[in-house]
Chemist: 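Dumping the structure here so I can ask a few things about it.
First listed ligand is number 1; within each ligand, the first listed atom is number 1. Note that the coordinates shown come from a computational prediction; the quantities given were computed from them, not determined experimentally. No hydrogens, no waters, no symmetry mates; every other heavy atom, side chains included, goes into these values.
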Amino acid sequence: MGQSTKYIFITGGVTSSLGKGIIAASLGKLLQSRGFSVTIQKFDPYLNIDPGTLNPYEHGECYVTDDGAETDLDLGHYERFLNVTTSQSNNITTGRIYNNVITKERKGEFLGKTVQVIPHITDEIKSNFYKLGHDGKYDVVITEIGGCVGDIESLPFIEAVRQARWDLGPGNFLVIHLTLIPYLKAAKELKTKPTQHSVKQLLEAGIQPDILVCRTEYHLPPDVKKKLALFCNVQLNSVIEAMDAESIYDVPLLMKKEKLDERVMSKLKLSSKTHADLEDWKDFLGRLKNPTQEVTIGLIGKYVSLPDSYKSIIESFTHAGAAVECKVNLKLISSEEINSENFSSKLDELDGILVAPGFGERGFEGKIETVRYARENQVPFFGICLGMQVAVIEFSRNVLGLEEANSTEMDPKTPHPVIGLMEEQKKIDQMGGTMRLGSYACDLKKGSKAALAYGKTKIQERHRHRYEFNNEYLEQVESKGMIATGKNPNTGLVEIMELKNHPWFVGVQFHPEYKSTVLNPQPLFVKFIQAAIDNKKQK
Ligand code: GLN
């Protein structure tokens, strides 16, 4: 471990969904604004090696990093807040820890020994805690421990945190416990007991939290703070109130007001490298909260009942909307509910249409109807991954007249496989981590909508797919006005499709949403919103 690197661990108590990821990202932002280099990692207690094999309904979106890791969606928050990239090392699951230990056991690395949770699993966890701090690149490594204190499955992580205190030594180690202070309407009281219990559980595991961050719907009166400090064994000024915020992007400023960064710096004996500077952030918030115009955009997908499935897309609209001072009313519409009879009642009010990424057949025909509507009615259209593939299929069926055109994902026997399995995918028989993943180059056609948006012709974007456009149909498709405006320079794989005679119709095989951050809104989202604004004006 890097000697000078400071480690902050964030645990959660009382209930899940308190927003540990946002607190971690906000603290990271505040420390970064004071000149420290910061990274954030997440340790998840489940047994999957990574969330890539999870249904979005289980765990929300699977976030993909440059190096092609399929990770927890909190890594998206880390990147969006800190404007730095993360990697496989930033997201570790129990499954990966056990897999590593068992692989070592088979290699004979523990020859003669009984392999046990303590020390072998906890050692593996700790070596992963310290991995990003090794080369001294970061002043601070923040580690978010997924799940809730007291869960059986997070016990080895909690034990590893306990041991880390002794590895790292005083002044280099800090635990922040995020907890909930519920308000009982009938009693008109904020209750501290659940927090007392969850801190007690931490203490039983040998961990004394240094700071409590208390999620609450009402301000914490001084007597409640005092009670928490007394019963939970923390300094009074280390009981931090975290009121519900209007937007997740308000949280860094709220935490600054509550002096979370100052408490952390004083406990870790860190002195600010520069004057805290959040001007860019405040500027973003100002534009976000004072829009001068408004558009309605439809996000058509099949996982809409859990908006977290589309987290990065939703956040990309927030960043891009703020960039052009436009409020984006995003309507999540289930593609299963769209058919050839009702499409116009579902889509007429939209100024722009986005067809989302996805897998499998369910809701597919609704997506075809949606693309047809956008194409024929000149409504700005943005297709992402499966969304681009649907656009190609719709065009092949309704413009080229290839009625049964399809992706071999939906119909393996289609006579017109305009979308097919990538060559390297054909020999793959394992599902986990085997898609075409991570960052690849793409060359843009000069003068295309994409090149105009990016302001350059060489880009890198992140991917997560198995199927691709079948280049055997390229000539036919282009001759009727659907143009491949982005291609991988090495393989010729089509990355972007645009329609010639349409105000803004762009389908991308990659996932632009993974690279949108507060300070770097994604250019295609910005241009798509502008096209929607223009469309609204013309209506
Ligand atoms: N199912 C499609 C494929 O694997 C699209 C994937 C996606 O939208 N991420 O190619």
Side-chain angles (χ1 to χ4, degrees), residues 50-57 59-65 68-71 73 76 299-304 306 308-314 316 332 334-336 353-368 370-371 381-394 396 405-412 414 417-440 442 461-471 473 486 488 491 493-497 506-516 522 524:
D50 60 42
T53 53
L54 289 174
N55 186 317
Y57 290 123
H59 205 67
E61 162 190 283
C62 172
Y63 185 76
V64 178
T65 55
E70 297 181 287
T71 72
L73 58 76
L299 186 162
I300 286 78
K302 74 170 181 187
Y303 312 113
V304 292
L306 185 73
D308 267 3
S309 307
Y310 301 112
K311 194 80 202 165
S312 293
I313 295 179
I314 295 171
S316 298
L332 271 56
S334 165
S335 55
E336 282 180 278
I353 290 176
L354 183 143
V355 173
F359 296 84
E361 219 184 336
R362 188 162 58 81
F364 189 72
E365 294 304 319
K367 289 184 177 175
I368 296 272
T370 304
V371 176
F381 168 82
F382 194 9
I384 298 183
C385 206
L386 182 64
M388 179 205 97
Q389 299 176 356
V390 179
V392 169
I393 296 165
E394 189 281 325
S396 307
N406 215 331
S407 162
T408 53
E409 180 182 5
M410 315 303 159
D411 176 8
T414 168
V418 289
I419 305 290
L421 205 55
M422 279 179 279
E423 208 39 52
E424 71 260 31
Q425 286 288 329
K426 290 184 180 157
K427 36 188 187 293
I428 286 172
D429 56 3
Q430 293 213 6
M431 296 301 278
T434 57
M435 281 188 243
R436 177 172 181 252
L437 290 165
S439 187
Y440 285 93
C442 172
E461 290 285 2
R462 299 181 191 171
H463 297 72
R464 185 171 188 251
H465 65 124
R466 292 188 203 279
Y467 296 82
E468 64 172 328
F469 175 73
N470 180 348
N471 269 317
Y473 289 88
N488 180 289
T491 58
L493 193 145
V494 170
E495 296 277 10
I496 308 179
M497 282 292 194
V506 179
V508 294
Q509 184 58 77
F510 50 79
H511 290 263
E513 71 273 23
Y514 293 142
K515 277 173 72 170
S516 178
Q522 213 287 336
L524 291 171

Chemist: Strictly below 4.0 Å, N to O, side chains only: are Glu70 and Arg464 in salt-bridge contact?
Modeler: yes
Chemist: Testing the basics here: between Gly387 and Phe381, what is the closest heavy-atom pair and its distance to 0.1 Å?
Modeler: O-CZ, 3.8 Å
Chemist: Fit a plane to each ring of Tyr303 and Tyr310, take the angle between them on a 0 to 90° scale, and name the class: parallel (under 30°), tilted (30 to 60°) or perpendicular (over 60°).
Modeler: tilted
Chemist: Please report the shortest heavy-atom distance between Leu386 and Ala356, naming the atom on each side.
Modeler: CB-O, 4.0 Å
Chemist: Considering only heavy atoms, which protein residues lie less than 4.0 Å from any atom of ligand 1?
Modeler: Pro357, Gly358, Phe359, Cys385, Leu386, Gln389, Glu409, Arg464, His465, Arg466, Tyr467, His511
Chemist: Taking atom CD of Glu424 as the centre, does the number of heavy atoms from other residues, nucleotides or ligands within less than 6.0 Å exceed 12?
Modeler: yes
Chemist: Does a salt bridge link Arg362 with Glu336, judged by any charged N lying under 4.0 Å from a carboxylate O?
Modeler: yes
